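See below for the structure under consideration.
These numbers come from a predicted model, not from an experiment. Read the numbers this way: they start at 1 and go in the same order the structure lists the ligands and their atoms.
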Amino acid sequence: MGEKGKNARGHLIVVEGLDRSGKTTQCHMLCEDIGGLDKEFKYIKFPDRTTATGQMINAYLQGNAEQSDQAIHLLFSANRWEAVQGILNDLRAGHTVVVDRYAFSGTVYSAAKDNPSMSLEWCWNPDIGLPKPDLVLFLDISSEDAAKRGGYGEERYEKQEMQAKVRALFKHLFSRLNDLNVKTINAGLPLQEVADQIWQAYKNLDEAGPLTEDLQVLSTLQAP
Ligand code: NYM
Ligand code: MG
């Protein structure tokens, strides 16, 4: 086990959750452990604030620019689409790609705005066709417990009421993606316990053997 055939691709692993759920810390711990196995990995965080779209997104999140709900939604999606070729190259080179937020955040944060012209389907559609993760780790925490962690910050969306909606929408969205491999982890547990559960989920994936089939893509939501 763990022996990679020449054409084996790497795993695409996405970590999702509310603000203050511990995603970034856990991504770093996971990457460190993957590196410890002498495996190549790549860490990507969305939004990637360094690109042209990312700078527009950053200005919006920090309250320094206005955008319509639709325009900012599509910018977040474009910020992922412009990274796709790089992700595919890494996966095909056999590297594990760990992604901090993805299309799932993209859909639920926008849908939580309750804009009547932006249904959940509308929000999901621009991300159809993106590489489909082999594993989604949903770091689940209540908005109350997340708020206790030093409080939410100053960025747009970092309000408890919004976060509570986002959490409910994450659960609803995952229920409409039955063929997605989602593992929900109680992110209210101590840091190391969360990390241990994430590591177990990663090991299960890794020990299932090398991946030779090509990657699938995200497709339409199933009926509620
Ligand atoms: N966010 C993130 C969205 O609204 N749509 C998206 O597509 C993505 C990837 O951006 N509050 C929101 C969620 C966060 C904010 O992310 C910035 P982070 O991980 O806090 O830097
Ligand atoms: Mg944040």
Would you mind running through ligand 1 and noting each atom that sits below 4.0 Å from a heavy atom of [X]?
| X | answer |
| --- | --- |
| G106 | 5 (N), 6 (C), 7 (O) |
| K45 | 18 (P), 19 (O), 21 (O) |
| R80 | 6 (C), 7 (O), 9 (C) |
| F46 | 9 (C) |

Contact check: E155 to the Mg ion (ligand 2), N/O/S below 2.8 Å: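 No N, O or S atom of E155 is closer than 2.8 Å to the Mg ion (ligand 2), so no.
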Looking at Y60, does the NZ or CZ of R156 lie under 6.0 angstrom from its six-membered ring centre and within 45 degrees of the ring axis?
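Pair R156/Y60 counts as cation-pi.
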Cut-off 3.5 Å, side chains only: do [X] and [Y] have a donor facing an acceptor?
| X | Y | answer |
| --- | --- | --- |
| E121 | N125 | no |
| T107 | D127 | no |
| Y43 | D100 | yes |
| D196 | Q200 | no |
| Q26 | S21 | no |

Report task. State whether the shortest distance between N or O atoms of D19 and N or O atoms of ligand 1 falls below 3.5 angstrom. Result ->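 Such a contact does occur with ligand 1.
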Looking only at protein heavy atoms, which one is nearest to [atom], and what is the separation?
| atom | answer |
| --- | --- |
| atom 21 (O) of ligand 1 | R49 NH2, 2.9 Å |
| atom 16 (O) of ligand 1 | R101 NE, 3.4 Å |
| atom 15 (C) of ligand 1 | L61 CD1, 3.8 Å |
| atom 2 (C) of ligand 1 | F76 CE2, 3.6 Å |

For the Mg ion (ligand 2), the closest N/O/S atom belonging to D19
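Going by distance to the Mg ion (ligand 2), the closest N, O or S atom in D19 is OD1.
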- Query: Can you name the nearest heavy-atom pair linking A103 to W124, along with the distance?
  - Reply: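 Result for this residue pair: CB-CZ3, 4.1 Å.
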- Item | side chain to side chain contact (heavy atoms under 4.5 Å, CB included) partner of C27, the single match among L139, V14, V99, V98 |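 That would be V98; it is the only one of L139, V14, V99, V98 passing the side chain to side chain contact (heavy atoms under 4.5 Å, CB included) with C27.
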